[in-house]
Undergrad: 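Once you've had a glance at the structure underneath, I'll fire off some questions.
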Amino acid sequence: MAVLLDGKQVSAATREGIRTEVEVLAGEGIVPGLAVVLVGDDVGSQVYVRNKKRACDELGIRSWQYTLPETTGQAELLALIDRLNRDPQVHGILVQSPLPAHIDEALVTNFIRPEKDVDAFHPFNVGRIVLGDYAYLPCTPAGIMEILRSYRIDPAGKHCVVVGRSHIVGRPMSMLLLHANATVTICHSHTRDLGAITRQAEILVAAVGRERFITADMVRDGAVVIDVGMNRDASGKLCGDVDFDAVREKASYITPVPGGVGPMTITMLMKNTVTAAKILSGKQAETLDTSSMRW
Ligand code: GUN
């Protein structure tokens with residue numbers, strides 16, 4: 001039976017460190033500030049945005065929420081971002097995805113000042129992540145690395161299989177694992193004989209967005225299984241991409257849903273907001289402090 005990887009516990013410990021950093025900055029007259037922009041009324045997004053605000057309040061980070069109607073035009077959204085880009089009190093800008101279909105999401109992402117891009121979605125920050133020289137953490141993958149580190153699960157030399165190639169999770173996850181010296185395979189919807197590859201995984205990351213997609217026969221005995229899924233089943237219950245009850249019998253470690261990866265994502269966003277405040281006030285160079293990132 002697998003050990004549960006407790007994202008809530010790792011998140012609480014990480015937030016203690018962030019709280020201390022916020023207090024130190026407050027002593028210097030700097031209050032980190034995060035602007036969150038939500039367009040439309042996607043129910044899932046509303047929950048995420050509410051949780052982000054709660055995390056900011058808890059840590060002493062200032063936050064602003066802009067809730068715009070579904071019909072908002074692209075020019076109007078860009079005008080708001082332009083204002084936030086210039087506002088010295090705003091250190092981080094997050095535009096909640098998905099955006100309505102009439103808005104070009106890439107254009108919006110590219111318009112955010114890279115120094116304020118706390119999602120690390122801007123091509124400049126993505127490029128730096130690929131090179132391994134980055135200031136802003138890709139939130140979900142960085143949260144997963146923090147969970148692994150906390151349980152002393154070192155990816156070095158291990159075969160890590162990432163299922164999913166999204167810009168938010170799969171791709172940056174593969175890069176962070178590669179930087180940690182893993183051998184990485186990325187699988188996606190065109191992969192042939194997926195099970196034959198996932199069965200080789202010593203660390204398996206499921207970021208597919210399909211309810212109970214990873215079944216026990218696809219998992220190697222003793223694997224570490226990370227479930228990034230946030231799906232609702234037919235009865236409305238939150239469930240991951242992994243068939244948890246069956247897979248936990250085979251895995252050595254597994255993240256539950258909820259209470260695994262989810263809490264870490266917001267914690268990493270808070271960390272990026274503090275980093276942005278330091279960079280924009282000239283207190284930190286635009287590189288990542290890796291001193292706490294070893295196994
Ligand atoms: N939608 C789902 N996850 C995320 C995220 O991490 N950032 C943004 N901006 N939108 C999301």
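Remember, it's 1-based here, ligands and their atoms both numbered in the order they're listed.
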Undergrad: Using a 4.0 Å heavy-atom threshold (strictly under), name the region of L269 that reaches ligand 1: side chain, backbone, both or neither.
TA: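 Under 4.0 Å from ligand 1, L269 contributes no heavy atoms.
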
Undergrad: Return yes when atom NE2 of H102 has more than 12 non-hydrogen atoms of other residues, nucleotides or ligands closer than 6.0 Å, and no otherwise.
TA: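 Enclosed: over 12 neighbouring heavy atoms sit under 6.0 Å from NE2 of H102.
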
Undergrad: S252 side chain to G222 main-chain N or O, any donor-acceptor pair under 3.5 Å?
TA: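 Checked: pair present.
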
Undergrad: Which residue and atom name correspond to the protein heavy atom nearest atom 8 (C) of ligand 1, and how close is it?
TA: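 Answer, as residue, atom name and distance: D119 OD2, 3.4 Å.
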
Undergrad: Check whether any side-chain N or O of N85 sits under 3.5 Å from a backbone N or O of F111 as a donor-acceptor pair, and report yes or no.
TA: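 Present.
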
Undergrad: Please tell me if the side chains of E70 and D41 come closer than 4.5 Å, counting only heavy atoms from C-beta onward.
TA: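 The answer is yes, as the side chains (C-beta and beyond) meet within the 4.5 Å cut-off.
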
Undergrad: Who's the nearest protein heavy-atom neighbour of atom 11 (C) of ligand 1, and how far?
TA: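 Looking only at protein heavy atoms, the one closest to atom 11 (C) of ligand 1 is Q96 NE2, 3.3 Å.
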
Undergrad: What are the atoms of ligand 1, with element, lying closer than 4.0 Å to any heavy atom of F121?
TA: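 Heavy-atom distances to F121 below 4.0 Å select 7 (N), 8 (C), 9 (N).
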
Undergrad: Count the heavy atoms of every other residue, nucleotide or ligand shown that sit under 6.0 Å from CD of Q9, and state whether that count exceeds 12.
TA: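 No - once you tally the heavy atoms of other residues, nucleotides and ligands closer than 6.0 Å, there are 12 at most.
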
Undergrad: Just go through V49, I168, D42 and tell me whose heavy atom is the nearest to atom 3 (N) of ligand 1.
TA: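 Answer by nearest heavy atom: I168.
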
Undergrad: Using side chain to side chain contact (heavy atoms under 4.5 Å, CB included), reason through R113 and L280 one step at a time and then give a plain yes or no.
TA: CA-CA 11 Å; R113 258 181 85 179; L280 288 160; 3.4 Å; yes

Undergrad: Hey, which atoms in ligand 1 end up nearer than 4.0 Å to a heavy atom of L94?
TA: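 Answer, ordered by atom number: 9 (N).
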
Undergrad: Closest non-hydrogen protein atom to atom 1 (N) of ligand 1, residue and atom name please, with distance?
TA: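 Minimum-distance protein heavy atom for atom 1 (N) of ligand 1 reads S97 O, 2.9 Å.
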
